[in-house]
Asker: 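Let me begin by handing over the structure; questions about it come next.
Note on naming: letters A, B, ... go to the chains in the order of the sequence lines (proteins, then strands), and numbering restarts at 1 for each one. Just the heavy atoms: all of them, side chains too, but no hydrogens, waters or symmetry mates, feed the values below.
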Amino acid sequence: MNTNPAVQPASYPAQHQEVVEALLVDGRFLLEGDPAFMALKQHLGFYQEFFRQSFGLALEYHSEYAFLQSSRDTDPLSRDICIFLGVLCYELDREGYNLLEQLSFHTLEFEQVEQFFELSSFREVLEATSNLQDAQARRNFYNRLHRRRIIEKVDDQTFRFTPAHKYFLQFARGVARYNQRMAEEEE
Amino acid sequence: MILKAEPDKALRFLEDNFELFRGLYRDQLEHSIISREAFERLTLDKADVVVKRLLDYKLLIAQPNGFRINEPVRGFLAFLLNEYKPLLPEELTKYRQAFRELFERMQDLNGQDILILAERLDAFYQELQEFLEHVERNTGQLLRSSQHLKANKGEMAYAERVRQARHLIEYYIEPLNRILDVKKKASIANLLNQVSAYVNVQRFSHPHSGIRLRFERLHELLRESEGRILRQSHVVTRELLPLIERLQTESEILSGWLYFLERPFLHEVPDMPARRLFTVTGSNLEAGLHLFLQQFERRPEEVILKTEEARPVNARRVFFDRRHYLQALQQSLPLDNYFSWCYQAMNEHEEEAATERFLRISSLLFEESDQFEAAFGAGRFQIQLGEAAFDLPIIAVKPKPAEAEMQSN
């Protein structure tokens, strides 16, 4: 890719602006079903190169979602999401729900989730997390999740998780496996 | 053989003490043998005669290191309670050996020794029945223990659940699947298929009618077993494996979250996409700017509204006092220059000189023309009032003679 745009104008895929705005400007997940996701999929090699060359960012592409890695050391939103999902998963499991099914295929009610959080045994962790500490803060947090396409609001009362949530579940599995390995090594 | 009681009496004894047998059965299921301590514990509130009869009726057999329930009774209890230990697939593969051996012998002896062939066919029938029962019991039991694990009734830690799920898959479910999978050459299902083909021919072609009958019976069972094995195989692939895999994934996720939540603010977090706000470019810049400016557009409007409301309160509107000017005019008569007088009178009486006021005063002469007599003089003169300049004729005014006469009279 050493073509000089001043000499020879590069041609971009049809949805180029949408792809760049979603991934770079809005910093959100592109999801399967978005027209821009299709464009990304068809020109995957181009975009991986494009984001790496132009911004030094790695494009993370999975079959159901894609996003640009921020290359920041710590991301407070990412931490908040992990705490949110961790507590939610724990509470759903405790209530006897089929966890994966619930997250992948069902809608959840804000009110129900709020109740989980109000009664959660992870009270201390939640109180120490400013974006999750009370109902008002969580309302803003839900809006941010919606903007980043991690959840999709169905209406004022209900929402569902988009495939992007799997990225965080994968992270949790990684943590478990790592710890398991460590435990086995100790033995 | 029970020597010390009639069979029905022994059965009644079992019925009367069923809870005790349930306890004994479960203990043996778990530990393979009922230890003396466990036996003491379970029979603590039982009369000595009950303990004695357990042994006398040979329902329980003493062993060097404890007790065992007599095998036929154990089978019966297992059937009644529907609680089994899942068989290790290794225990099931012994059937493959038996089937193969019997099948080979069947073919060897074809038509030579009718008696042993009949016995072998009967044995095959028996073994097949047993095998099917074991398989069905096994999948049922595995399904139950997976569901139990899923519901987490034992309240075990997630990591332990993962370990158990993995254990079930590795040592029970996948090997069972290999046994039941018809497509695999080494599977029992595949062997039974071969037997079935042979038996299908023999049930018509064998010269001996008794043997044909046995082949017929075996053929029926084999056909039935095909369906039963297929059903079990479906249970394994469609229910058991997905269930246990989901359980493993879920437990892994949950245990991962628990590790994370132990130190949520120190643990590393996954890399997330970040928003990047570019200041100049972007399709929504114009709209954003517009919105930004709108807030300033509104403010002056609000101020105007307020002053408008305030104005009627502050403004003093002085009404035209017609009567005052009329009296003043009458007293000042006669006049040489009417408009000049109007201007002076207005300045004396009004706080602000205004065109409108001036015109109204000047119109007095024409409105009350029956009282006054006016005559144009020579020349003109100018008055500057605000922005208006009036070029006016000089008019002399005096009272009408009729009135003057009346006044004088």
Asker: Roughly how far, to the nearest 0.5 Å, is CD of E124(A) from CG of L261(B)?
Answerer: 12.5 Å
Asker: Can you tell which part of A58(A) gets under 4.5 Å to a heavy atom of chain B, answering side chain, backbone, both or neither?
Answerer: neither
Asker: Go through M272(B) and R148(A) one step at a time and tell me if the side-chain contact (heavy atoms from CB on, under 4.5 Å) criterion holds.
Answerer: CA-CA 10 Å; M272(B) 263 278 288; R148(A) 300 300 191 93; 3.8 Å; yes
Asker: Checking heavy atoms, do the side chain of Y167(A), its backbone, both or neither come under 4.5 Å from chain B?
Answerer: side chain
Asker: Using a 4.5 angstrom heavy-atom cutoff, name the option from Q180(A), R177(A), R147(A) with the most pairs to chain B.
Answerer: R177(A)
Asker: In Å and rounded to the nearest 0.5 Å, what is the CH2 to CG distance from W257(B) to L169(A)?
Answerer: 6.5 Å
Asker: Is there side-chain contact between C82(A) and P264(B), with at least one heavy-atom pair below 4.5 Å?
Answerer: no
Asker: First locate atom CG of D93(A), then atom CD of E250(B), and finally report the distance between them rounded to the nearest 0.5 Å.
Answerer: 6.5 Å
Asker: Going by residue number, which parts of residues 174-189 of chain B are within reach of chain A, meaning a heavy-atom gap below 4.5 Å?
Answerer: none
Asker: Tell me, which pairs form a side-chain hydrogen bond (donor to acceptor under 3.5 Å, both in side chains) where one or both residues lie in residues 261-273 of chain B, sequence neighbours left out?
Answerer: S70(A)-D271(B)
Asker: Given that the side chain runs from C-beta out, which part of L85(A) has a heavy atom under 4.5 Å from chain B: side chain, backbone, both or neither?
Answerer: both
Asker: Tell me, side chain or backbone of F171(A) under 4.5 Å from chain B's heavy atoms, or both, or neither?
Answerer: side chain
Asker: Of the listed residues (L258(B), L254(B), L247(B)), which shares the most heavy-atom pairs with chain A below a 4.5 Å separation?
Answerer: L254(B)
Asker: Among L23(A), I83(A), L77(A), V87(A), single out the residue with the greatest number of heavy-atom pairs under 4.5 Å to chain B.
Answerer: I83(A)
Asker: First locate atom CZ of F168(A), then atom CZ of F260(B), and finally report the distance between them rounded to the nearest 0.5 Å.
Answerer: 10.0 Å
Asker: Kindly compute the distance separating CD1 (I253(B)) from CG (L100(A)), expressed to the nearest 0.5 Å.
Answerer: 4.5 Å
Asker: Restricting to non-hydrogen atoms, name the atom on A176(A) and the atom on E252(B) that form the minimum distance, rounded to 0.1 Å.
Answerer: CB-O, 3.1 Å
